[in-house]
There are 2 protein chains.
Amino acid sequence: MAHRSTIHETLTAVFQVRRFPETVRAGESARDREKSGTGAPISRSGRAIAARGRGNDPLPRCGPGERTELAVLLWERALDPAKGTWSLPGGRLRENEDLDTSAARQLAEKVDVRELTHLEQVWVFSDPDRVPGDRRIASAYLGLVPLTAEPELPPDTRWHPVSDLPDMSFDHGTVVRHARNRLAAKLSYTNIAFGLASDTFTMSTLREIYCAALGYDVDTTNLQRVLTRRKVITPTGETASPGRAGGRPAAVYRFTDSEIRVTDEFATFRPPA
Amino acid sequence: MAHRSTIHETLTAVFQVRRFPETVRAGESARDREKSGTGAPISRSGRAIAARGRGNDPLPRCGPGERTELAVLLWERALDPAKGTWSLPGGRLRENEDLDTSAARQLAEKVDVRELTHLEQVWVFSDPDRVPGDRRIASAYLGLVPLTAEPELPPDTRWHPVSDLPDMSFDHGTVVRHARNRLAAKLSYTNIAFGLASDTFTMSTLREIYCAALGYDVDTTNLQRVLTRRKVITPTGETASPGRAGGRPAAVYRFTDSEIRVTDEFATFRPPA
DNA sequence: CCAAAAGTGTTACGATTACACCCATGG
DNA sequence: CCATGGGTGTAATCGTAACACTTTTGG
């Protein structure tokens, strides 16, 4: 039997809340989605992009034909093994770094790590045959990038909505699901959303973030009250001017801490009835 | 620079609810711990052992001078490095096993693994210098042994109350705390207590288990209602005869499942006010 | 003024905690 | 018949969900 070396790698599911063109759910509940859906894949209005390019609070409202969704960063394999499938960023652990350091370093090849607001260990995948060739033990990580960041990406790399993952390499799909579940759970009892939000934001922006990350609808009012009571968010005192549609100007908030913290050990958001 | 090989090991915190002689809360926190802490865990009354030796529901009431507590299995190092400190069972990962398998195999040297009712991954410790010599990346596990089990132990191995750990090797103390926190958290929203309870049991026994594992007092009445509503426990229909002190015979229950399961995603036990 | 967006207040509900009271048994 | 657990029922509490109503702004 040939000698097989064992290497240790990290794999990071980097999440960001983004807008995607409405997906065409072919075959099934097709028509409704189609109408505004298919046509506009690339066309995120220049204005929107410009507005988000800046550092702060660009109220990303859902335009028609767009959905705000949790996205994960993937790159497409140009070579075998698993050519053409999509993979999580990551790579081999070096001799003198710990896993956290390694995950951050590997990510630097794909995104500007200065944009990375949070990184945490999620799970270890150790099936001896999880990938062909040498054995690779994978430590899975969860990473977060804020709403307003628009990092440059290498040509093989793209954001994909987690609700509609492409053909994934090896067990990378499982990794994404694990990480997403972890994120959703932690939204309830920690301030982890700081990693997905921009420096300052309005409550409706924050609501969109929570909706996207949790996968269900959240009430703005209650979100505000809960997060304020727990001192997770703090009003800056400023207000944001409304869009051209009018409306009352929104109060601007920021996260009290920029590091993860358990804010209420016994808290649980629940999906709507 | 000398070449340093990297190996992957597992470390398992095996927990069992056990009775210990009451710690003497003497003058300060220093002396008391030393006295009964290190020395005494052997002197459990013969009767208690006999009663618990059998397979089912021996209502372990706290006698005077005894406390029911969560215990962790440790062995004492006879050799350097860290001679005389206490370690978690574990060891090196083999080429053709995954981490779960490895953890179970390593444990077989310390306890009868047939007694092991649950085993799950908790964390990875990867600091390049966490132990002297070759680099060891440690995957930490949580293991459970039921109340009634009284496994044979090797001479260097002993149960220690988690509230009073001895001098621990390397980062093993941190591992124990991590695992214990994980256990406490999962008691709220999963049926993980099946791993700590015997096949069948009365509510007051189960209460003791929850108290020991959570570290705070739990109301028997409410525990029964909550676990019944969630269908975590099922009445067997039998009753246990009361002790010589008299009292109404207790209903006997069993856990509905003998595998971990999320029973109520949004549940949280809270400590008493 | 009217529509749109944001914020306030109130109620409803679900789950858990706390506790008083009734039941069954041994001595 | 009484002390000792065990079990049942009910009230109190806490947090979040739901929603109607008021405020502020643009057209």
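In the text below, chain A, chain B and the rest are named by the order of the sequence lines, each starting its count at 1. It should be emphasised that the depicted structure is a prediction, and the values quoted were computed from it without experimental measurement.
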Contacts under 3.5 angstrom, residues 232-239 of chain B side chains, donor-acceptor by atom type, not counting sequence neighbours:
unit_1 : atom_1 : unit_2 : atom_2 : d
B/T234 : OG1    : B/T256 : OG1    : 2.8
B/T236 : OG1    : B/E238 : N      : 3.1
B/T236 : OG1    : B/V252 : O      : 3.1

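Comparing D/dT8, C/dA18, D/dC19 by their closest approach to the side chain of B/P272 singles out C/dA18. For A/A250, taking side-chain heavy atoms from C-beta onward, the closest of the listed nucleotides C/dG7, C/dA15, D/dG26 is C/dG7. Closest to the side chain of B/M203, from the set D/dT8, D/dG7, D/dG26, is D/dG7.
For B/R254, the CZ atom is loosely surrounded, since the number of other residues' heavy atoms within 6.0 Å does not exceed 12.
Residue A/F201 contributes atom CZ, which lies 14 Å from atom P of C/dA6 at whole-angstrom precision. Counting to the nearest Å, the P atom of D/dG6 and the CG atom of B/L206 are 13 Å from each other. Protein atom CG of A/N222 is 13 Å distant from nucleotide atom P of C/dT8, rounded to whole Å. Here the C1' atom of nucleotide D/dA17 and the CZ atom of B/F266 are 13 Å apart, to the nearest Å. Counting to the nearest Å, the P atom of C/dG14 and the CZ atom of B/R270 are 16 Å from each other. The nearest whole Å value for the distance from the CZ atom in B/R207 to the P atom in D/dG7 is 13 Å. For the pair A/F269 CZ and D/dG15 P, the computed distance is 14 Å after rounding to whole Å. As rounded to whole Å, 12 Å separates atom P of C/dA5 from atom CD of A/E208.
Mapping A/D217 and B/A251 onto DNA chain D by nearest heavy atom places B/A251 at the nucleotide closer to the 5' end. Summary of the strand contacts: A/Y253 and B/D219 both lie near DNA chain C, and taking for each the nucleotide with the nearest heavy atom, the more 5' one is attributed to A/Y253. Residues B/P271 and B/P249 each lie close to DNA chain C; by heavy-atom proximity, the contact nearer the 5' end of the strand is made by B/P271.
At C/dG14, none of the side-chain N or O atoms of B/R225 fall inside 4.0 Å of OP1 or OP2 (strictly under the cut-off). For D/dT8, one of the phosphate oxygens OP1 or OP2 lies less than 4.0 angstrom from a side-chain nitrogen or oxygen of B/Q224. Taking side-chain N and O atoms only, A/S204 has a distance below 4.0 Å to OP1 or OP2 of C/dA6.
Under the 4.0 Å criterion applied to side-chain N and carboxylate O atoms, B/R207 and B/D217 are assigned as salt-bridge partners.
Residue-level contact check: A/R230 touches the backbone only, with heavy atoms under 4.0 Å from sugar-phosphate atoms and none from bases. B/T220 comes within contact range of no nucleotide atom at all, as no heavy-atom separation falls under 4.0 Å.
At a non-hydrogen distance threshold of 4.0 Å, nothing from residues 232-239 of chain A comes into contact with DNA chain C.
A pairwise comparison of heavy atoms in B/V17 and B/A212 identifies CG1-CB, 3.8 Å as the closest pair. The minimum heavy-atom distance linking A/A184 with A/A213 is given by the pair CB-O, 4.3 Å.
B/F269 carries B/R230 over the face of its six-membered ring, with the cationic atom under 6.0 Å from the centre and within 45° of the normal.
Classified by interplanar angle (parallel below 30°, tilted 30° to 60°, perpendicular above 60°), the ring pair A/Y253/A/F201 is parallel. Relative ring orientation between A/W123 and A/H178 is described as parallel, the plane-to-plane angle staying below 30° on a 0-90° scale split at 30° and 60°.
Contact annotation: side chain of A/R248 to base of D/dT25, donor-acceptor pair absent below 3.5 Å.
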